[in-house]
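Scope of the values below: all heavy atoms of this structure, side chains included, with no hydrogens, waters or symmetry mates. Chain identifiers are assigned alphabetically (A, B, ...) following the order of the sequence lines, protein sequences preceding nucleic acid strands; residue numbering begins at 1 within each chain.
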Amino acid sequence: MALTTWFWVGAVGMVAGTLLPLRDMIRYPSHRRYDLVLAGITGFAAIAYAAMGLGFTETTVADHTIFVARYIDWLVTTPLIVAYLAMLVKPARRTYAWLLVADVFVIAAGIGAAFTDGTLRWALFAGGALGYVVLAFGLLRVLPRTLGSDPDPRIHSLFVTLRNITVVLWTLYPVVWLLGPAGLGLLQYEMYTIVVVYLDFISKVGFVAFAALGADAVDRLVTVTRDAPAGTPSPVEAPSATDDD
Amino acid sequence: MGSGLLTRVRESYGTKLALALVLVVVLSVGVGSLVYQQTTDQLEGNVKADLMGSADAHANQLDAWLSNVRGQTQLASNQPALASGDSAQVQAALDGLADSSELPDGVVAIHYYDAPSTTIEASSNEGFAGVNPAEQGAPFATDPPTFDGANDVVVTKPFTVPAADFPVLAVLSPVQGAEDKQLVYMVNVNSLTDGFGDTVDGSSTVVVDQDGAYVSHPDQSRVLTQHDGSEMMLEQSLSESTFMQEDGTVMAASPVDGAPWTVMVHAPQSEAFALGDFVASSLMGLVLITVVSLALVGVTVGSTTVTSLQHLSRRADEMADGNLDAEIATGRNDEFGTLAHSFSEMRDSLSTSLSEAETAQAEAQQAKEEAEKQRQEAEQARENAEEARQEAQETARVLEDAATDYEDALTAVADGDLTRRVDADRDHDAMARVGRAVNQMLDDIETSVAAASQFADHVSDAAVRVEAGAGDAMDAGSDVSVAVDEISDGATEQTDRLHEVAGEVDDLSASAEEVAKTVASLADTAGQAADAVEDGREATDEAVATMDDVADDAEAAADAMDALDSEMEDIGEIVDVIADIAEQTNMLALNASIEAARTGADGDGFAVVADEVKGLAEESRDAAEDIEARLLDLQGQVSDVADEMRDTSENVADGRTTVGDAATALDDVVEFVAETDSAAGEIRDATDRQAEAASRVAGAVDEVAGISEETAAQATDVAESADEQTETLSTVGDAAADLAERAATLDDLLADFDARGGEEEVN
């Protein structure tokens with residue numbers, strides 16, 4: 001099957017994923033900001049995949065083809081994911097800043113590695129890995145600390161779930177990349193594309209789906225910030241959009 | 001380090017889950033690798049087999065071709081036509097061979113070659129006729145092979161000649177019968193391998209001769225060039241099928257039997273093993289997709305589970321610490337939601353139980369404090385009891401003393417000394433009260449007894465007086481009776497006399513003096529009667545007076561009786577008081593007993609005292625009862641006396657009435673006497689008028705007689721009345737005597753008591 005087919009599959013999947021936050025945005029305007037971020041993640045990915053499906057931004061570097069659209073997609077959507085995670089715990093502005101910077105650094109290093117060759121390539125790869133370590137530290141240590149010792153269980157659960165999904169799946173990207181044509185070449189290009197599309201789908205749509213399922217936690221978050229900065233969370237009457245887990 | 005890791009694993013569900021998933025991934029990767037390995041091996045094996053098969057097939061093909069060519073050549077070379085020397089025949093033969101359908105593939109020309117002159121005398125391809133291969137440089141010409149007989153066929157190595165624009169090889173066979181003539185089949189070398197199909201994608205098949213020159217090559221320009229492969233492989237492959245893999249190329253080679261050639265099939269490794277790489281890639285992709293999916297599922301399940309469990313465990317810890325207010329909630333509706341809900345319910349019920357327990361604890365604490373308080377109170381009470389015991393002992397002793405005193409006093413009182421008083425000045429309030437009460441009682445009793453005694457005296461005196469009065473009255477009465485008898489007698493006498501008078505009236509004239517005497521005696525009699533009546537009246541008055549006295553006395557006695565009665569009642573009340581006191585003392589004794597019992601053995605003395613007090617109280621009660629009995633008795637007697645006094649009173653009243661009647665009667669008598677007197681006077685006067693009035697006198701005498709009878713009758717009545725009166729008076733007297741007796745008895749009884757004021761004079 002042609003690669004573009006898979007890209008279209010990915011695009012369709014991303015569009016499907018965007019529907020959830022869009023629906024929530026309309027139904028529950030109280031946490032519109034969050035849904036906007038979620039919609040942004042899958043929406044932008046859908047656009048990128050559509051572009052790739054149409055064959056845009058296809059370039060050849062050294063002996064393999066890469067799609068720039070994908071990297072631009074990652075450059076936009078991964079910060080959004082990190083931002084969403086941070087929005088769940090509401091840390092200091094500074095924390096937002098360096099988390100996003102770390103994420104952008106990782107992606108940029110990845111793009112650099114993709115476009116270069118030889119030692120530079122591996123050096124950039126290593127640099128990106130380092131940046132990822134920093135980002136992972138932020139997600140695994142700093143943000144939970146902001147939640148405090150006795151966080152609201154639903155917010156905590158949602159944050160931990162989404163964070164774990166993100167960290168675990170994002171760690172798989174370099175593995176796949178290493179196994180792919182740009183690395184060891186054990187994965188042939190079509191398979192690599194399929195795997196990457198799937199990984200993208202899971203890490204974005206899975207993220208968005210679980211975030212939408214955990215919308216009731218976001219309600220509580222929004223109520224907390226709306227009512228009192230340090231007040232006890234009070235359950236909101238807005239019906240939860242959660243289905244069975 | 002290992003144990004630390006193990007502990008970490010054991011304590012974390014997430015880690016366990018992660019490890020489990022990692023194990024699954026590792027397993028998948030392992031199995032995948034295994035599959036990959038086996039597939040690769042299989043594929044490689046297949047490729048090798050294919051290549052070798054291909055090489056073998058090609059080798060066989062070549063073999064077959066070679067055999068065919070040899071055979072054909074040999075056969076053809078044995079055609080007699082060729083040995084005829086007739087060029088036309090030869091040509092025809094050549095053409096025939098060339099056109100033959102059995103012409104081997106690749107044969108481009110068949111030459112009739114003359115070896116000595118190295119000239120192609122004839123050829124199926126006219127262009128070659130007359131060509132001198134030696135000048136062309138064909139090895140078979142320049143270096144002619146040697147034949148083993150006419151049937152021998154030689155296959156030359158490939159060579160290039162200018163005449164041909166492709167490499168050729170020649171198959172020669174001497175013509176049978178024409179020694180120097182050879183039949184040469186010119187073969188386009190390339191055509192040999194044109195038929196070789198690509199069994200393996202990207203593979204190319206070459207044929208190499210023993211010197212390493214290409215006999216056939218897909219790239220024609222390379223034919224006859226040196227083979228750029230492994231010499232070793234070449235060497236080996238000339239003798240047997242070989243397979244080799246090096247430098248990214250896989251090669252299979254198979255020797256050709258009919259010639260010192262080897263067929264080599266080689267293919268780039270990437271192309272030969274493309275399937276394996278594809279399979280590997282697909283497997284890897286599959287494993288990766290599995291890993292990704294597992295990662296998602298594992299992470300989400302693990303995260304949600306672990307966070308739910310952490311939350312619940314944190315809440316459980318808080319509940320264990322006592323904070324039952326934290327919210328237990330998850331958004332989940334599955335078993336974790338149920339668990340949270342159950343936790344919440346458990347927390348609520350714990351909270352309730354806790355608050356109940358706290359309440360109960362508070363109550364228990366309170367109860368404990370109260371118990372403590374009570375214990376202290378009991379302790380205090382015990383001390384108090386101890387003090388009380390000692391006090392009680394003291395009190396008992398005091399009581400005992402007091403009781404003893406009281407006992408003595410009351411005993412004396414019981415013996416009759418009502419003047420005795422108890423010393424009520426005691427420390428013990430109850431005893432003091434008892435004492436005072438006793439004293440009061442004794443005072444009252446004394447007073448009462450004194451009063452009673454007084455009264456008894458009064459009564460006695462009154463009775464005596466009554467008796468005396470009654471006696472007087474009786475005397476008077478009998479006087480009256482006597483008088484009345486006298487009156488009666490007189491009256492009777494009078495009557496008789498009157499009768500006499502009446503009789504004598506007739507003799508009136510005879511005895512006026514007698515009449516006058518009679519009248520005078522009548523007058524005397526009347527005067528006597530009047531005196532008598534007067535006496536009687538006096539007596540009656542006396543009687544009346546006495547009766548009045550008696551009545552008054554009786555009344556007084558009755559009043560006194562009543563007073564006595566009330567006094568008795570008072571005494572009775574006092575006795576009740578005594579009884580009460582005795583009861584109280586009994587209670588006191590009882591309490592003392594109880595106290596004694598409470599204080600145990602120490603209270604024996606107290607108990608003794610209490611018993612004594614109790615005994616004393618009982619004695620008091622007995623004495624009181626005795627007094628009461630006596631008083632009741634007395635009361636009874638007094639009551640009887642009162643009744644009798646009342647009777648007496650009534651009788652006296654009756655007597656009085658009777659006496660009154662008597663008095664009235666006496667008055668009547670007096671009146672009658674007066675009338676008699678006046679009548680007598682009249683008689684006297686009348687005697688003067690005797691004559692005239694004799695009848696009147698008679699009548700009057702009759703009247704008088706009648707009146708006398710009446711008088712007699714009335715006197716009889718009076719006498720009866722007087723008798724009655726006498727009877728009554730005697731009754732009175734008896735009663736009074738009785739009363740006196742009883743009063744005396746009372747007096748005697750009261751005399752038992754020493755009471756002050758009992759000797760007072762009775763007025």
Proximal component of Leu286(B), with respect to chain A [non-hydrogen, under 4.5 Å]: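 Backbone only.
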What residue, out of Gly302(B), Gly298(B), Gly285(B), has the most heavy-atom pairs lying under 4.5 Å from chain A?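 Most pairs with chain A among the choices: Gly285(B).
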Can you tell which of Ala280(B), Ala295(B), Ser282(B), Ser281(B) has the highest number of heavy-atom pairs within less than 4.5 Å of chain A?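 The option with the most such pairs is Ser281(B).
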Closest approach of Leu187(A) and Met284(B), non-hydrogen atoms and distance?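 Smallest heavy-atom distance, with atoms named: CD2-CB, 3.7 Å.
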Where Thr161(A) and Val299(B) come nearest, the two heavy atoms and their spacing: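 Between these two residues, the closest heavy atoms are O-CG1, 3.9 Å.
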Tell me which of these, Val176(A), Leu179(A), Leu162(A), Leu158(A), has more heavy-atom pairs under 4.5 Å with chain B than the rest.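 The option with the most such pairs is Leu179(A).
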Heavy atoms only, distances under 4.5 angstrom: which of Val175(A), Val167(A), Leu186(A) has the most pairs with chain B? Name it, please.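 Result: the option with the highest number of such pairs is Leu186(A).
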Side-chain touch [X]/[Y], heavy atoms, less than 4.5 angstrom:
X: Val306(B); Y: Val160(A); answer: no
X: Gln310(B); Y: His156(A); answer: yes
X: Val195(A); Y: Ile289(B); answer: yes

Would Ile165(A) and Leu296(B) satisfy side-chain contact (heavy atoms from CB on, under 4.5 Å), going step by step from the backbone distance to the final call? CA-CA 6 Å; Ile165(A) 291 173; Leu296(B) 179 72; 4.0 Å; yes
Atom pair CZ/OG1 of Phe159(A) and Thr307(B) - distance to nearest 0.5 Å: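 The CZ atom of Phe159(A) sits 11.5 Å away from the OG1 atom of Thr307(B).
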To the nearest 0.5 Å, what is the distance between OG1 (Thr304(B)) and CG (Asn164(A))?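 Reported to 0.5 Å precision, the distance equals 10.0 Å.
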Which atoms of Val168(A) are under 4.5 Å from chain B, going by heavy atoms: the side chain, the backbone, both sets, or neither?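 Only the side chain of Val168(A) comes within 4.5 Å of chain B.
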Tyr173(A), OH atom: more than 12 neighbouring heavy atoms under 6.0 Å: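 Correct, the count exceeds 12.
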